[in-house]
Peer 1: 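I'd like to ask you about the structure that follows.
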Amino acid sequence: MEPMATQSELRVLVLAPLGRDAQLTVTALQEASISCCACRDIDELCAEIAGGAAAAIIAEEAFTDQRVSVLQDLLSGQPTWSDFPIIFLTSGAGSAIETRTTGEALALLGNVQLLERPTRVGTLLSVVRSALRARKRQYQNREYLREQERVELALRRSEAQLTFALEAAEFGAWDLELQTGRMWRSSQYDQIMGFAEAPADWTYLRFLEHVHPGDRARVNDAFERALAIGEPWTFECRVIRADGKERWIWVEGDVQRAGKKHNFISALRRRDDGQMQSGDLHPGGPRMIGLMRDITERKITEEILARRTEELARSNAELQDFAYISSHDLKEPLRGISNYARFLLDDEGDRLSEEGRERLRTLIRLSQRMYSLLDSLLDYSRVGRTRLKVEEIDMNAVVADVVDSMKGWLDEQDAKVSTSGSLPTIRCDRVRTGQVLTNLIANAVKYNTSDSKEVQIGSWIDEQGEAIVFVRDNGIGIPARHQQTIFKMFRRLHARDTFGGGTGAGLALVKRIIEHHGGRIWVESTPGTGSTFYFSFGECQPVMQASPSKDEIATR
Ligand code: ADP
């Protein structure tokens with residue numbers, strides 16, 4: 001790596017106040033392309049060193065006792081990477097460095113090289129160059145240290161983020177040394193296990209002792225399996241905490257074989273000195289690391305939910321049975337009432353006034369209506385009670401059958417049913433699908449005042465791969481505010497006997513059949529123009545793609 005130094009940090013400072021030494025030295029250095037700077041006294045030298053310099057050449061005569069301590073102080077406060085090189089030019093035979101005080105003063109400056117005068121230029125340059133090399137290596141070390149600091153800082157920051165995330169998510173972290181069974185834990189782990197103070201030694205076996213006796217074998221079996229085949233150790237179990245409380249925990253661990261990438265938990269472990277120290281575990285040995293979480297609240301909610309779902313399913317089934325049994329059983333006496341009213345009208349009608357006879361006819365009509373309402377209810381509740389017979393059904397064949405069975409009535413109504421393109425094969429219940437189409441086609445014709453009543457059936461496969469089937473008519477249409485309510489039981493938008501009459505149960509039955517398949521139905525309509533009913537069977541995916549895209553069939 002190139003030493004990262006500024007221009008001034010590569011300068012050689014020269015302090016030689018007497019004679020021509022300073023000028024000569026500076027000239028020699030400049031001729032050798034070494035950046036340099038002459039200083040007047042020790043104070044100026046110190047200021048330049050503080051601003052950044054590579055080395056200093058100091059002549060003995062500049063080394064006056066009074067100011068030397070300033071330089072000593074400056075150099076003794078150098079950072080660890082720095083050992084500032086000083087080339088000390090002695091005065092030859094008359095040198096004072098032989099005296100004890102000068103010798104000691106020089107020693108306190110640290111990295112000092114003595115050069116005896118008179119000095120040959122070549123010798124000076126060689127000494128200066130070697131001081132420069134040494135200084136550049138120091139700059140290199142400074143760069144390494146700075147890089148290390150940056151890495152440490154980034155590491156500390158990401159550790160802090162990780163700790164924050166784990167604590168916010170209420171996760172406890174652990175690291176298990178498999179050879180010894182000893183385990184490092186985060187403080188959150190100890191809190192989850194109910195410890196007010198971190199236990200000094202925590203092992204796998206101690207953990208197992210806290211697992212509820214009813215779950216212990218299962219937890220240990222899973223642990224051994226994880227070790228044997230390397231699968232993750234994942235489980236939920238009850239624990240008896242250190243404070244005696246029973247709680248549910250979730251644990252997930254993963255075996256880390258030697259040589260596997262350094263993991264985040266070992267990074268966390270380095271910082272957590274309240275717990276087991278990093279040196280206590282063999283960092284290279286096989287380990288299992290993982291997370292733990294208290295899931296008691298979730299378990300309680302799940303239990304409540306399961307109980308409620310069960311209750312709901314039971315009461316739903318009871319309701320279905322009730323609707324089925326009551327509509328089934330009510331039909332019997334109703335038939336009797338209707339029959340007896342008819343007998344009365346036939347046998348005793350002559351003896352009644354016209355008003356009396358009309359009342360009997362109303363009674364018969366009302367019981368017939370009630371009979372068909374009960375029939376619809378029976379049909380509706382049957383959908384929920386019986387299993388669907390789901391198989392691969394060719395929708396082309398179902399439409400053909402339905403149209404065939406309705407042919408007489410369709411001719412009577414002067415209505416035409418056509419299909420646009422080929423329909424897909426769908427996994428569904430054939431009989432129920434026939435019922436859906438019969439109802440939708442019948443409505444398309446019933447609620448239609450056009451001179452030529454047209455019903456178009458088509459389909460497409462949407463982006464999710466779901467087959468959407470549609471039944472389109474040129475009928476009276478449905479106002480937007482009623483487009484949801486028409487699917488409710490016994491909801492009609494018109495007077496009872498208009499548009500061929502009806503119980504208002506047809507679309508409710510259609511919806512129930514489709515939803516029982518896991519599908520959905522909806523309508524798009526413009527009053528006065530017509531309606532399009534769309535349905536899909538959801539989970540019962542199309543078996544083959546045989547439809548045009550929606551754009552192709554969008555045009556009417
Ligand atoms: P019903 O036909 O017995 O009245 P449905 O449940 O089949 O009962 O339909 C509910 C109501 O939705 C109908 O009374 C009618 O007002 C409206 N409706 C259904 N299909 C159509 C349609 N294709 N065009 C216009 N209105 C419709």
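Keep in mind that this is a model prediction, so the values were computed, not measured. Remember, it's 1-based here, ligands and their atoms both numbered in the order they're listed. Residue indices begin at 1 and follow the sequence shown.
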Peer 1: Would a distance-only check, ignoring hydrogens and angles, find a side-chain to backbone donor-acceptor pair under 3.5 Å from R357 to L345?
Peer 2: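 Looks like no, no N/O pair under 3.5 Å.
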Peer 1: Please confirm whether K446 comes under 4.0 Å of ligand 1, counting heavy atoms of the residue only.
Peer 2: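 Yes.
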Peer 1: Between N474 and K453, is there a donor-acceptor pair closer than 3.5 Å when you use the side chain of the first and the backbone of the second?
Peer 2: no
Peer 1: Any N or O of G504 that comes nearer than 3.5 Å to an N or O of ligand 1?
Peer 2: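 Such a contact does occur with ligand 1.
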Peer 1: For ligand 1, note which part of F533 has a heavy atom under 4.0 Å away: side chain, backbone, both or neither.
Peer 2: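 Answer for F533: side chain.
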Peer 1: Of the protein's non-hydrogen atoms, which lies at the shortest distance from atom 10 (C) of ligand 1, and what is that distance?
Peer 2: R491 O, 3.3 Å
Peer 1: Can you find an N or O of I478 that's nearer than 3.5 Å to an N or O of ligand 1?
Peer 2: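 N/O-N/O distance below 3.5 Å does not exist for this pair.
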Peer 1: Give a yes or no answer on whether the side chain of Q483 reaches the backbone of I478 with a donor-acceptor pair at less than 3.5 Å.
Peer 2: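 Confirmed, Q483 side chain pairs with I478 backbone.
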Peer 1: Are E354 and R361 close enough for a salt bridge, meaning some N to O gap below 4.0 Å?
Peer 2: yes
Peer 1: Which residue holds the protein heavy atom closest to atom 23 (N) of ligand 1, what is that atom called, and what is the gap in Å?
Peer 2: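 Here the closest protein heavy atom is D473 OD2, 3.0 Å.
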Peer 1: Among protein heavy atoms, which sits nearest to atom 13 (C) of ligand 1, and what does the distance come to when rounded to 0.1 Å?
Peer 2: Y447 OH, 3.4 Å
Peer 1: Hey, does H494 come in under 3.5 Å of ligand 1, counting only N/O atoms on both sides?
Peer 2: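 Right, the criterion is met.
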Peer 1: Under 4.0 Å from a heavy atom of L493: give me the atoms of ligand 1 that qualify, with their elements.
Peer 2: 14 (O), 16 (O)
Peer 1: Do the rings of F343 and Y340 sit parallel, tilted or perpendicular, given the 30° and 60° boundaries?
Peer 2: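 F343 vs Y340 ring planes: perpendicular.
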Peer 1: Would you say the rings of Y534 and W460 are close, in the sense that their centroids are separated by under 6.0 Å?
Peer 2: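 Ring centroids of W460 and Y534 are less than 6.0 Å from each other.
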Peer 1: Under 3.5 Å between any N/O of N439 and any N/O of ligand 1: does that happen in this structure?
Peer 2: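 No, N439 has no N/O under 3.5 Å of an N/O on ligand 1.
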Peer 1: Tell me which protein heavy atom sits closest to atom 4 (O) of ligand 1, plus the residue, atom name and distance to 0.1 Å.
Peer 2: R492 NE, 2.5 Å
Peer 1: Hey, is ligand 1 close enough to A508 that some N/O pair sits below 3.5 Å?
Peer 2: no
Peer 1: Show which atoms of ligand 1 fall inside a sub-4.0 Å distance from at least one heavy-atom site of G502.
Peer 2: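 Counting atoms of ligand 1 from 1, those under 4.0 Å from G502 are 3 (O).
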Peer 1: Under a plain distance cut-off of 3.5 Å, with no hydrogens placed, do S376 and T503 share a side-chain donor-acceptor pair?
Peer 2: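 Judged by distance alone, the side chains do pair up.
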Peer 1: Just let me know how N448 lines up against ligand 1, side chain, backbone, both or neither, with a heavy-atom cut-off below 4.0 Å.
Peer 2: neither
Peer 1: Give me the nearest non-hydrogen protein atom to atom 7 (O) of ligand 1 as residue plus atom name, then the distance to 0.1 Å.
Peer 2: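 Nearest neighbour among protein heavy atoms for atom 7 (O) of ligand 1, to 0.1 Å: N443 ND2, 2.8 Å.
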Peer 1: Are the aromatic rings of W184 and Y189 close, with centres under 6.0 Å apart?
Peer 2: no
Peer 1: Using the side chain to side chain contact (heavy atoms under 4.5 Å, CB included) definition, which of the options I476, N443, N448, L493 pairs with F499?
Peer 2: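 Among I476, N443, N448, L493, the one meeting side chain to side chain contact (heavy atoms under 4.5 Å, CB included) with F499 is I476.
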Peer 1: What atoms of ligand 1 come closer than 4.0 angstrom to any heavy atom of G477?
Peer 2: 25 (C)
Peer 1: Report yes if the distance between the aromatic ring centroids of H212 and W248 is under 6.0 Å, otherwise no.
Peer 2: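 Ring-ring flag for H212/W248: false, centres at least 6.0 Å apart.
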Peer 1: Determine the interplanar angle of the W202 and F195 rings, folded into 0 to 90°, and report it as parallel if under 30°, tilted if 30 to 60°, perpendicular if over 60°.
Peer 2: perpendicular
Peer 1: Is the centre of the W174 ring less than 6.0 Å from the centre of the Y204 ring?
Peer 2: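 Distance test on ring centres: not under 6.0 Å, no.
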Peer 1: What is the nearest protein non-hydrogen atom to atom 12 (O) of ligand 1, stated with its residue, atom name and distance?
Peer 2: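 Looking at atom 12 (O) of ligand 1, the protein heavy atom closest to it is I486 CG2, 3.2 Å.
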Peer 1: In ligand 1, which numbered atoms sit nearer than 4.0 Å to a non-hydrogen atom of S531?
Peer 2: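 That gives atoms 24 (N) of ligand 1.
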Peer 1: Measure the distance from atom 6 (O) of ligand 1 to every protein heavy atom, then report the residue, atom name and distance (to 0.1 Å) of the closest one.
Peer 2: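 Atom 6 (O) of ligand 1 sits closest to the protein heavy atom L507 N, 2.8 Å.
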